[in-house]
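None of the values given here were measured: they were computed from a predicted structure. So that the names make sense, note that chain A is the first sequence line, chain B the second, and so on, each numbered from 1.
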Amino acid sequence: MDYKPQIIEDKWQRRWAEQNVNSLSDAELGSANRPFYNLMMFPYPSAEGLHVGNMYAFTGADIYGRWKRLLGETVFEPIGFDAFGIHSENFALKIGTHPMELIPSNIRNFTRQLTRIGAMYDWNHIVDTTDPSYYRWTQWLFLQLYKAGLAEKKEAAVNWCPSCHTVLANEQVIAGACERCGTIVEQRNLSQWFFTITKYAQRLLDNLEWIDWSGTTKKAQENWIGRSEGAEIWFEVESPWEPTAGSDAADAVAEAQAHHHEAGEDDEYEQKLQISVFTTRPDTIFGATFLVLAPEHPVVEWITTDARRADVEQYRDRAGAMDLVTRKKTDKEKTGVFTGAYAVNPATGKPIEIWIADYVLMEYGTGAIMAVPGHDERDFEFATQFGLPIVRVIAGSGDTADSALSEAYADEGVLVNSGDFDGMASGEAIGAITSWLAEQDAAEPKVNFRLHDWCISRQRYWGPPIPIIYCDACGTVPVPEDQLPVVLPHVENYKPDESGVSPLAREESWYRVKCPECGGDARRETDVSDTFLDSAWYFLRYPSAKRDDVPFDAELTKKWLPVDMYIGGEEHAVLHLLYSRFITMVLHDLGIVPFEEPFATFRKHGLLIKEGSKMSKSRGNVVIPDQYIEEWGADTFRTYLMFLGPYQEGGDFRDQGLQGPFGFFSRLWDTVVPVAELGTAQPAGVIEQKMHATIAKVTDDIAGLRYNTAIAAMMEYLNALREGNRAVNRAEVEPLVVLAAPFAPHIAEELWELLGHSGSIFTGANWPSYDASKTIADTVEFVVQVNGKVRARMTMGRGITKEDAQAAALADDNVRRFVDGAQVRKVIFVPDRLLNLVVG
RNA sequence: GCGAAAGUGGCGGAACUGGUAGACGCGCGAGACUUAGGAUCUCGUGGGCGUGCCCGUGGGGGUUCGAGUCCCCCCUUUCGCACCA
């Protein structure tokens with residue numbers, strides 16, 4: 001009887017489904033004593049089907065879950081579909097099938113594939129983000145944030161493809177062009193909904209200290225949040241300058257005045273406009289020889305002089321037409337124009353020119369910088385280009401106050417040309433100058449974050465409608481919670497157009513509604529929300545997937561969350577994983593969930609490559625799991641994926657490699673089948689030690705996700721069992737079947753049954769235990785070195801003394817060749833390992 | 001540019017707090033069984049020659065009785081962020 005994986009796998013997959021082996025009933029969910037929530041990142045159900053990358057992630061997570069289950073924990077391992085979003089919609093447009101038909105068929109295909117890979121998913125607790133019973137609660141979530149003042153609508157620059165008539169995400173713009181049609185993308189200002197995640201920046205950063213996540217993932221979040229400390233400094237715009245009464249400019253001045261009055265200033269500052277800048281280097285302020293504003297900075301139109309207005313307008317138009325990706329390219333030449341206006345450097349009291357340039361971004365800091373060309377590379381380049389003054393205010397070692405600058409000196413040093421601060425170290429001067437300016441009410445210490453507010457609105461069709469109604473009388477009105485979901489209507493023409501609004505804005509019968517407050521005529525928000533909002537809370541939904549009265553049941557949430565183990569790709573380090581943390585933190589603050597971090601443990605898995613190169617459709621080297629599973633069986637395929645490299649680092653997929661695990665399972669089969677007839681016996685002496693050591697190693701390796709070495713250890717053990725053609729007994733082989741079960745569940749089930757057990761190995765077996773004292777062999781291979789070089793290896797009893805070892809070593813002919821005639825100066829003895837004789 | 005990780009046989013990869021480099025597997029070589037099997041089983045497999053030695057973990061220094069592992073400098077690759085002030 002040969003090993004026939006396809007027959008076995010079919011049998012057990014059928015049985016698991018029929019007997020509900022892998023799903024938890026609601027009663028079990030509610031009563032579990034040792035709940036373990038084992039989560040993997042739910043897939044986007046693409047039309048291409050399950051990718052080997054998905055399977056790699058899922059298999060690694062499934063092994064962990066199955067192992068926990070064999071350890072006696074109640075493991076909840078759900079799966080779902082992240083099916084809304086631009087990818088699905090674009091693909092639907094391309095092939096001309098409506099997403100409402102395409103997605104369900106993709107999901108059916110994924111379900112088939114996910115069953116075939118042999119993961120123990122709880123098919124009774126599926127989540128599909130496009131199901132109204134799910135997105136109803138996504139909309140509910142939006143309303144909670146709205147009510148908490150964390151959702152607001154404001155104008156923002158977005159990428160717009162004039163050919164596809166749509167907004168594009170930054171990732172969809174390749175070298176300034178639309179990824180689909182190649183048209184050059186423009187910037188448009190559209191009114192967008194934002195979640196103010198920036199209010200949580202510091203906490204999101206602080207909690208990274210204690211959550212148990214892969215280090216690289218934490219680092220990526222830390223960089224993305226991008227905290228920088230420095231100062232905000234105010235530069236007065238020089239008179240003569242007067243705002244027109246009632247203008248925005250006048251309001252801005254009034255605001256500045258209020259600020260000064262608050263600070264107890266007298267009226268000296270009346271009628272003055274100030275431009276605030278953020279800098280991490282206030283120590284260089286004496287070298288700030290001009291200001292640069294982002295072209296779209298609101299102050300620009302008020303301060304520009306008549307003589308310069310034409311040039312300024314032209315430059316602003318050009319910058320505005322440029323797409324965001326090209327604009328942010330670092331290697332392009334610096335451009336900019338002078339506004340004609342001057343500001344006063346608060347440190348030197350001297351007037352400096354105010355320029356606009358596209359290298360200054362409105363979205364970071366205050367949208368304006370003090371340019372210090374002597375000590376900032378970009379400012380240096382700009383000043384050189386336009387002949388602006390460059391002053392040295394920091395001296396590095398060997399520099400004097402007058403040393404010429406051939407390039408920006410951005411390092412620390414000693415202050416020069418800085419008035420009373422000359423001679424101070426730059427590090428110290430940061431604080432000293434900030435305080436000095438603060439006394440004059442010209443600056444304050446400031447922490448700035450790179451993180452932006454999360455723009456969640458999309459002018460698209462395939463997403464959950466944002467549950468907001470606009471009423472002329474009442475303004476912005478949230479849809480009452482009892483009227484959720486706002487169902488996404490089936491729209492024939494869901495193609496985005498030139499208008500800059502969602503296709504839903506063409507559905508008058510849908511967007512015309514009565515105001516929930518006054519009953520008057522009103523209009524729905526026609527934008528839908530970002531897919532990342534769907535995935536920012538799905539893990540909360542799984543245990544309560546079947547509830548339609550609440551988004552998540554309080555008791556179940558308390559019992560099962562935070563997620564115990566979350567495994568996923570590093571590509572989501574900053575988006576999904578950050579948004580989920582933010583949403584959870586908000587829900588915590590609103591008293592809705594009792595924890596503020598959603599994932600107690602997160603481990604990233606590595607990336608798979610194929611025969612040394614990246615997998616891609618264009619290379620045609622994408623591994624499709626189905627073919628391999630059909631050929632080799634799911635057990636072999638799963639095990640090979642885990643064997644080809646360290647799980648957290650990824651590895652190189654080579655077709656020939658499948659032979660290894662397949663041979664292992666064939667030999668395991670050949671070894672166990674004859675044993676099934678025999679009774680239980682004690683493991684043989686030599687085998688017993690190896691068995692305990694193997695159980696210890698496999699257990700430890702799985703816990704650390706070192707699956708490749710766990711598999712190697714099982715192979716070694718099987719090789720030891722088969723060595724010398726001895727009779728193998730049941731006590732030697734049964735633990736191995738259980739060790740292999742997380743990796744190869746089907747063959748493990750079959751062998752378990754052949755060994756005379758009834759029911760599933762996952763409910764019937766216990767993870768084998770080991771006796772630590774039995775993991776150690778009685779003899780060791782002992783090494784003798786002379787001057788650090790190995791001269792002999794000898795088998796010794798464990799615990800041999802230094803004296804005995806030395807005597808044995810000196811009795812060895814080869815050792816003697818190197819020792820005789822020389823003086824032994826030193827003897828190094830490492831118990832049970834080696835003896836090093838230092839001679840000379 | 002900033003941040004992170006990694007460079008080990010023909011290949012994928014092992015190697016605990018410094019202590020036998022190359023576990024396990026692929027591939028390859030020889031043999032056994034036998035004859036269309038992607039088999040199975042035994043033995044071998046880092047390189048070099050003088051067959052017990054020499055050389056070997058990206059390169060160069062250093063610490064040490066002993067370095068893949070620790071320290072310094074350099075090179076290369078991959079990934080993330082990037083005109084972030």
Side-chain angles (χ1 to χ4, degrees), chain A residues 2 215-224 226 228 230 277-281 284 292 327-332 334 357-361 363-372 376-379 381-382 410 448-452 570-571 573-574 606-607 609 611-612 614 631-632 640 643-646 648-664 666-667 670 700 706 708-716 718-719 722 725 780-793 814 817-818 825-840:
Chain A
D2 285 345
T216 50
T217 311
K218 288 209 240 186
K219 197 77 202 169
Q221 290 212 348
E222 189 186 317
N223 291 341
W224 183 263
S228 37
V277 305
F278 172 73
T279 179
T280 52
R281 293 294 302 272
T284 63
V292 186
R327 160 119 182 231
K328 291 182 187 176
K329 274 241 152 63
T330 54
D331 50 2
K332 73 183 200 323
K334 294 273 177 295
D358 66 4
Y359 81 94
V360 175
L361 308 172
E363 69 202 43
Y364 185 76
T366 61
I369 61 155
M370 62 175 210
V372 183
D376 180 280
E377 212 181 298
R378 296 151 301 172
D379 297 344
E381 200 189 320
F382 192 82
N448 205 49
F449 293 95
R450 211 190 70 94
L451 182 70
H452 294 134
E570 178 91 297
E571 69 275 17
V574 289
L607 200 71
I609 56 171
E611 318 268 340
K614 238 184 209 174
E631 219 172 323
W632 297 93
Y640 175 61
F643 184 58
L644 54 70
Q648 293 181 80
E649 281 157 47
D652 193 354
F653 187 100
R654 285 167 191 263
D655 289 356
Q656 283 181 329
L658 276 300
Q659 188 58 243
F662 183 80
F664 170 64
S666 300
R667 286 189 290 277
D670 291 346
D700 193 50
R706 291 182 298 273
N708 54 335
T709 49
I711 295 163
M714 290 188 280
M715 288 171 165
E716 269 187 78
L718 183 63
N719 290 346
R722 291 168 63 86
N725 215 12
V780 289
E781 213 194 339
F782 196 84
V783 168
V784 181
Q785 297 181 332
V786 179
N787 286 345
K789 291 194 187 282
V790 179
R791 297 304 176 190
R793 291 154 211 240
N814 200 43
R817 286 181 32 199
F818 292 90
R825 296 184 186 281
K826 200 173 171 185
V827 178
I828 311 279
F829 176 70
V830 181
D832 295 330
R833 281 199 174 239
L834 66 72
L835 187 78
N836 186 12
L837 302 167
V838 184
V839 303

Inset, instruction - Using side-chain hydrogen bond (donor to acceptor under 3.5 Å, both in side chains) as the criterion, list what pairs up with A:Arg793, not counting sequence neighbours. - result: none

Legend entry - Length of the line joining A:Arg654:CZ and B:G10:C1', which is rounded to integer Å: 11 Å

Legend entry - Gap in Å between the two C1' atoms, one belonging to B:A6 and one to B:U57, rounded: 13 Å

Legend entry - Most 5' of A:Arg791 and A:Asp652 on RNA chain B, judged by nearest nucleotide: A:Asp652

Legend entry - Side chain of A:Tyr359 - closest among B:C81, B:C83, B:G19: B:C83

Legend entry - Residue list, salt bridge (charged side-chain N to carboxylate O under 4.0 Å, His left out) with A:Glu781, at least two apart or on another chain: none

Inset, instruction - Rounded to the nearest angstrom, tell me the gap between atom CD in A:Glu781 and atom C1' in B:A21. - result: 14 Å

Please write out the pairs of protein N or O atoms and N or O atoms of nucleotides 22-33 of chain B separated by less than 3.5 Å, giving the distance to one decimal.
| unit_1 | atom_1 | unit_2 | atom_2 | d |
| --- | --- | --- | --- | --- |
| B:A23 | O2' | A:Glu716 | OE2 | 3.1 |
| B:G25 | OP1 | A:Asn719 | ND2 | 3.1 |

Legend entry - A:Phe662 and A:Tyr640 aromatic centres sub-6.0 Å: no

Legend entry - Spacing of the P atoms in B:C16 and B:G10 (rounded, Å): 23 Å

Legend entry - Nearest-Å distance for atom pair OH/C1', residues A:Tyr364 and B:A85: 7 Å

Inset, instruction - Quick one: list whatever passes side chain to side chain contact (heavy atoms under 4.5 Å, CB included) with A:Leu607, sequence neighbours left out. - result: none

Inset, instruction - Ignoring the backbone of A:Val783, work out which of B:U20, B:C83, B:C84 is nearest its side chain. - result: B:U20

Legend entry - Whole-Å distance separating the CG atom of A:Asp700 from the P atom of B:C16: 12 Å

Legend entry - All side-chain hydrogen bond (donor to acceptor under 3.5 Å, both in side chains) counterparts of A:Arg817, not counting sequence neighbours: A:Asn814

Legend entry - Other residues, nucleotides, ligands: >12 heavy atoms within 6.0 Å of A:Glu377 CD: no

Inset, instruction - Mind checking A:Leu361 for me? I need base, sugar-phosphate or nothing, with any heavy atom below 4.0 Å counting as a touch. - result: base

Inset, instruction - Look at all strands and tell whether A:Phe818 reaches a base, only sugar-phosphate, or nothing, counting heavy atoms closer than 4.0 Å. - result: sugar-phosphate

Legend entry - Sugar-phosphate, base or nothing in reach of A:Glu631, heavy atoms under 4.0 Å: base

Inset, instruction - For each nucleotide in nucleotides 42-50 of chain B, reading 5' to 3', give B when a protein heavy atom comes within less than 4.0 Å of its base, S when such contact involves only the sugar-phosphate, and - otherwise. - result: ---------

Legend entry - Atom-to-atom span, CZ of A:Arg833 to C1' of B:G18 - whole angstrom: 11 Å

Inset, instruction - Rounded off to whole Å, could you give me the CG-to-P distance for the A:Asp379 and B:C83 pair? - result: 15 Å

Inset, instruction - Only stems of 3 or more consecutive Watson-Crick or G-U pairs count here, both distances under 3.5 Å; name the ones for RNA chain B, or none. - result: B:1-7 with B:75-81, B:10-12 with B:24-26, B:27-32 with B:40-45, B:46-49 with B:52-55, B:58-62 with B:70-74

Inset, instruction - Spell out, as yes or no, whether a donor-acceptor pair under 3.5 Å connects the side chain of A:Arg706 to the backbone of A:Asp700. - result: yes

Legend entry - Protein-nucleotide distance (A:Met714, atom CE; B:A14, atom C1'), rounded to Å: 15 Å

Legend entry - 5' precedence on RNA chain B between A:Leu834 and A:Phe662 (nearest-nucleotide basis): A:Leu834

N/O to N/O distances under 3.5 Å, protein versus nucleotides 60-65 of chain B:
| unit_1 | atom_1 | unit_2 | atom_2 | d |
| --- | --- | --- | --- | --- |
| B:C65 | O2 | A:Asn836 | ND2 | 2.4 |

Inset, instruction - Look at all strands and tell whether A:Lys614 reaches a base, only sugar-phosphate, or nothing, counting heavy atoms closer than 4.0 Å. - result: sugar-phosphate

Inset, instruction - Only counting residues at least two apart or in another chain, list the ones meeting salt bridge (charged side-chain N to carboxylate O under 4.0 Å, His left out) with A:Asp376. - result: A:Arg378

Atom pairs under 3.5 Å, N or O on each side, protein against nucleotides 67-71 of chain B: can you list them with distances?
none

Legend entry - Residue-phosphate contact under 4.0 Å: A:Arg378 side-chain N/O, B:C84 OP1/OP2: yes

Inset, instruction - May I ask you to say what A:Glu571 touches in the nucleic acid, namely base, sugar-phosphate or nothing, with a heavy-atom cut-off under 4.0 Å? - result: nothing

Inset, instruction - In whole angstrom, give the distance that lies between atom CG of A:Leu607 and atom C1' of B:G12. - result: 16 Å

Inset, instruction - Classify the angle between the aromatic ring planes of A:Phe382 and A:Tyr359 as parallel (below 30°), tilted (30 to 60°) or perpendicular (above 60°). - result: tilted

Legend entry - Proximal nucleotide (of B:C53, B:A85, B:G38) relative to the A:Val360 side chain: B:A85

Inset, instruction - Could you classify B:G9 for me, syn or anti, using a glycosidic angle within 90° of 0 as syn? - result: syn

Legend entry - Side-chain N or O of A:Lys789 closer than 4.0 Å to phosphate OP1/OP2 of B:C55: yes

Mind listing the N/O atom pairs, protein and nucleotides 1-7 of chain B, below 3.5 Å?
| unit_1 | atom_1 | unit_2 | atom_2 | d |
| --- | --- | --- | --- | --- |
| B:G3 | O2' | A:Asn223 | ND2 | 3.3 |

Inset, instruction - Can you sort out the partners of A:Thr280 under side-chain hydrogen bond (donor to acceptor under 3.5 Å, both in side chains), two or more places apart, ordered by chain and number? - result: none

